[in-house]
Amino acid sequence: MTRQMSGAKMIVQALIDQGVDTVFGYPGGAVLPIYDEVFQQNAIRHILVRHEQGAVHAAEGYARSTGKPGVVLVTSGPGATNAVTGLTDALMDSIPLIVLTGQVPTFMIGSDAFQEADTVGITRPCTKHNWLVKETDKLAGVIHEAFHVATSGRPGPVLVDIPKDVQFATGTYMPPKPSTSHYQPKLKGDMDAITELVAAIEKAKRPIFYTGGGVINSGPAASQLLRELVAATGFPITSTLMGLGSYPASGEKWIGMLGMHGLYEANMAMHDCDLMINIGARFDDRITGRLDAFSPKSIKAHIDIDPSSINKVIKTDIPIVGDVGHVLEDILKVWKSRGRKTNAEAVAKWWTQIEEWKKVDCLKFTQKGKTIKPQHALARLEALTKQYDRYICTEVGQHQMWAAQYLGFEDPNRWMTSGGLGTMGYGFPASIGVQIGHPDALVINVAGEASWLMNMQEMGTAVQYRLPVKQFILNNERLGMVRQWQELLHGERYSHSWSDALPDFVKLAEAFGAKGILCSDPADLDDAIMEMINHDGPVIFDCLVTKHENCFPMIPSGKAHNEMLLGEAETQGVIDSKGSVLV
Ligand SMILES: Cc1cc2nc3c(=O)[nH]c(=O)nc-3n(C[C@H](O)[C@H](O)[C@H](O)COP(=O)(O)OP(=O)(O)OC[C@H]3O[C@@H](n4cnc5c(N)ncnc54)[C@H](O)[C@@H]3O)c2cc1C
Ligand SMILES: Cc1ncc(C[n+]2csc(CCOP(=O)(O)OP(=O)(O)O)c2C)c(N)n1
């Protein structure tokens, strides 16, 4: 059924028809007709953030944790340009977002009008697709198409720019139709390629599953199929930062995260494997290290829904374009129909080697003295919160890597972090979006003090909407990750990587009407964490940690996978200069 209505009303109607329950936004002149419609309905909840970057990251957190697309509404000019970092972040990490921006009236476009910016031009490189809608009759159709594009294939952010006169004018509303879009990404993999992969699985002596964010993007069913395939084959499994939780950290075949700050055993296994099965990962440079030394002896299979990901960085022997869930289902079917074969004897030997690598105990640390080690803080956070219905966000830096190493994820969609862009300031607003999507869950943002300050204004949002988000700040008074690189690679010249003008975080929390907790003594840590968990409102937890701690393992840039710096584990004397285990 079609209806006549204003463009502004049409926008709200289209969102309702798309099943949207929450919009993160910030008003301004060019979106006032839309805000007027938002005011006159109750189906959609609008969350007023404090900065448009915050709106986009909050929508990312909401999207990643719920599996639904995130929706953002901002004004023209500065509203739109403030959204650019979030859009780029979502594009890099494949997060589905629909961002609606106001624009100056069509007849003023190009006249340097007040708050005019070329939003489609500026955001073309940082959206999956964008539209400038100049006719009210086309508005609803474009918004429905925007949801389809954002959520189909490789998910990503899209933007719809809507001039103010288009919002005021009356037009015909078109309800969503079963997709008539020409954009129909391929979901099923090629059966010949799948059979070739199954034959390689049957023969492999040193196989590994290298999984990534694509498993999470594919949905919870894909994660279940992955677990089934791992259990059935008995092959080891590692994951990128973006894929954590798609296979449980407590799972028998889990060998930990790989990459620049990944586990020794995971990186060594990637280096020495003879069959690498990439499932929804994109051979990021944090994973491959030096390209010409990357896993030199392996046959490489790559399952990815985006054909442009295949052969972009690493040449693949068995490319499979398709959705992880669909492809895994077919792999299991073919493998079972051919008699469920693996080279069990060789794989058992491979596991013996992996167990040797595990003995390095690369995450070993010793908590001694009166200052809290960041690793210890996270180990305690893990022990005291893992039994909760828990969601973890992070900012960017050392704390992010320690969180990935010391917290365990049993399920997908529980871990929200800025991987591709590495955006400091992501975690706090993301945690707000997660809490909106999961009102009763324990939502913790593991932060560094420098990152956290980048979007600290969102404390106002947390307090206004009574969102009990916990900001767990590992405060080393340093731009820790930058300082680490300066220590290890720039002759300990600590150029502008520290701050001696940090706020009192407890008073800052109180100034916003929230709770602040300061903890500096390891002996007080458990009680302080419990106090944070048990408080029913937002908390800033200022955890003072050792200032010059380094995050290991680390593959220095330009080095190969098996050339890791190991920190404390190295002092155990079990590794030779090539990184091989001597025990
Ligand atoms: C300080 C810092 C340090 C870092 N160190 C590490 C590190 O040590 N280790 C690490 O792993 N990362 C690290 N990262 C993150 C890294 O930069 C990348 O973001 C990450 O490795 C990419 O993960 P991914 O390959 O799983 O790809 P994603 O970015 O998650 O991409 C997913 C891939 O899956 C595909 N896909 C999407 N949906 C589907 C579907 N339905 N079916 C099939 N395919 C699909 C996409 O096309 C894409 O190719 C670090 C980041 C920072 C900020
Ligand atoms: C917006 C942005 N600016 C700069 C950087 C570069 N950078 C990466 S980590 C880091 C330091 C982060 O410090 P902090 O948040 O205190 O975390 P720590 O590393 O100390 O745990 C910087 C400056 C970035 N990733 N993002």
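Whatever order the structure lists them in is the order used to number ligands and atoms, beginning at 1.
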Peer 1: Quick check on contacts: which atoms of ligand 1 are under 4.0 angstrom from a heavy atom of Asn217?
Peer 2: 37 (C), 38 (N)
Peer 1: Applying a heavy-atom cut-off of 4.0 Å, say which part of Ile287 lies close to ligand 1: side chain, backbone, both or neither.
Peer 2: side chain
Peer 1: Nearest to atom 5 (N) of ligand 1, what protein heavy atom do you find, and at what distance?
Peer 2: Met401 SD, 3.5 Å
Peer 1: Pairs of nitrogen or oxygen atoms closer than 3.5 Å, one from Gly480 and one from ligand 2: do any exist?
Peer 2: yes
Peer 1: If you count the non-hydrogen atoms of other residues, nucleotides and ligands that lie under 6.0 Å from CZ in Phe209, is the total more than 12?
Peer 2: yes
Peer 1: With heavy atoms only and a cut-off of under 4.0 Å, state how Met92 meets ligand 1: side chain, backbone, both or neither.
Peer 2: backbone
Peer 1: Using non-hydrogen atoms of the residue, decide whether Ser418 is closer than 4.0 angstrom to ligand 1.
Peer 2: yes
Peer 1: Mind telling me whether Phe472 and Phe541 have parallel, tilted or perpendicular rings, with 30° and 60° as the class edges?
Peer 2: tilted
Peer 1: Can a donor-acceptor pair be found, under 3.5 Å and without considering hydrogens, that links the side chain of Lys300 to the backbone of Ser295?
Peer 2: yes
Peer 1: Output the list of atoms in ligand 1 that are nearer than 4.0 Å to some heavy atom of Gly212, sorted by atom number.
Peer 2: 26 (O)
Peer 1: Under 3.5 Å between any N/O of Ser309 and any N/O of ligand 1: does that happen in this structure?
Peer 2: yes
Peer 1: Of the protein's non-hydrogen atoms, which lies at the shortest distance from atom 49 (O) of ligand 1, and what is that distance?
Peer 2: Asp304 OD2, 2.6 Å
Peer 1: Is there a nitrogen or oxygen of Ser239 sitting under 3.5 Å from a nitrogen or oxygen of ligand 1?
Peer 2: no
Peer 1: Ignoring hydrogens, just give me the one of Val396, Leu421, Thr394 whose non-hydrogen atom is nearest atom 8 (C) of ligand 2.
Peer 2: Val396
Peer 1: Is it the case that ligand 2 has an N or O less than 3.5 angstrom from some N or O of Gln398?
Peer 2: yes
Peer 1: With nothing but distance in play, are any N or O atoms of Val482 less than 3.5 Å from an N or O of ligand 2?
Peer 2: no
Peer 1: Give yes if a backbone or side-chain nitrogen or oxygen of Trp402 is under 3.5 Å from a nitrogen or oxygen of ligand 2, and no if not.
Peer 2: no
Peer 1: Just which atoms of ligand 2 are under 4.0 Å from any heavy atom in His399?
Peer 2: 15 (O), 17 (O), 18 (P), 21 (O)
Peer 1: Quick one: closest heavy-atom pair of Val446 and Leu474, and the distance?
Peer 2: CG1-CD1, 4.3 Å
Peer 1: Return yes when atom NZ of Lys507 has more than 12 non-hydrogen atoms of other residues, nucleotides or ligands closer than 6.0 Å, and no otherwise.
Peer 2: no
Peer 1: Measure from the ring center of Phe552 to the ring center of His261 and say whether it is less than 6.0 Å.
Peer 2: no
Peer 1: Quick one: which of Gly419, Gly219, Gly422 has a heavy atom closest to atom 19 (O) of ligand 1?
Peer 2: Gly419
Peer 1: Could you establish whether Gly322 and ligand 1 come within less than 4.0 Å of each other, counting only heavy atoms on the residue side?
Peer 2: yes
Peer 1: Check each atom of ligand 1 against the heavy atoms of Arg286 and keep those under 4.0 Å away; list them by number with element.
Peer 2: 4 (C), 6 (C), 13 (C), 14 (N), 16 (C), 17 (O), 50 (C)
Peer 1: At a 4.0 Å threshold, what atoms of ligand 2 neighbour a non-hydrogen atom of Glu449?
Peer 2: 16 (O)
Peer 1: At under 4.0 Å between heavy atoms, is it the side chain or the backbone of Asn476 that contacts ligand 2, or both, or neither?
Peer 2: side chain
Peer 1: With atom 16 (C) of ligand 1 as the reference point, say which of Asp284, Leu263, Ile95 has the nearest heavy atom.
Peer 2: Asp284
Peer 1: First locate atom CE of Met270, then atom CG of Leu263, and finally report the distance between them rounded to the nearest 0.5 Å.
Peer 2: 13.5 Å
Peer 1: Does an N or O from Ala450, backbone or side chain, lie closer than 3.5 Å to an N or O of ligand 2?
Peer 2: yes
Peer 1: Need the ligand 1 atom indices (1-based, order shown) with element for anything under 4.0 Å from a heavy-atom of Gly280.
Peer 2: 26 (O), 32 (C), 33 (C), 34 (O)
Peer 1: Which of the numbered atoms in ligand 1 are under 4.0 angstrom from any heavy atom belonging to Gly259?
Peer 2: 8 (O), 9 (N)
Peer 1: Just heavy atoms, cut-off under 4.0 Å: does Arg478 contact ligand 2 by side chain, backbone, both, or neither?
Peer 2: backbone
Peer 1: Closest by any non-hydrogen atom to atom 45 (C) of ligand 1: pick that one out of Val313, Val321, Ile305.
Peer 2: Ile305
Peer 1: Can you list the ligand 2 atoms lying under 4.0 Å from a non-hydrogen atom of Gly397?
Peer 2: 9 (S), 19 (O)
Peer 1: Is Gly422 close enough to touch ligand 2? Criterion: a residue heavy atom under 4.0 Å from a ligand atom.
Peer 2: yes
Peer 1: Considering non-hydrogen atoms of the protein only, which is the closest contact for atom 3 (N) of ligand 2, and what is the distance?
Peer 2: Met424 SD, 3.7 Å
Peer 1: Hey, are Glu458 and Arg50 close enough for a salt bridge, meaning a charged N less than 4.0 Å from a carboxylate O?
Peer 2: no
Peer 1: Measure from the ring center of Tyr494 to the ring center of His548 and say whether it is less than 6.0 Å.
Peer 2: yes
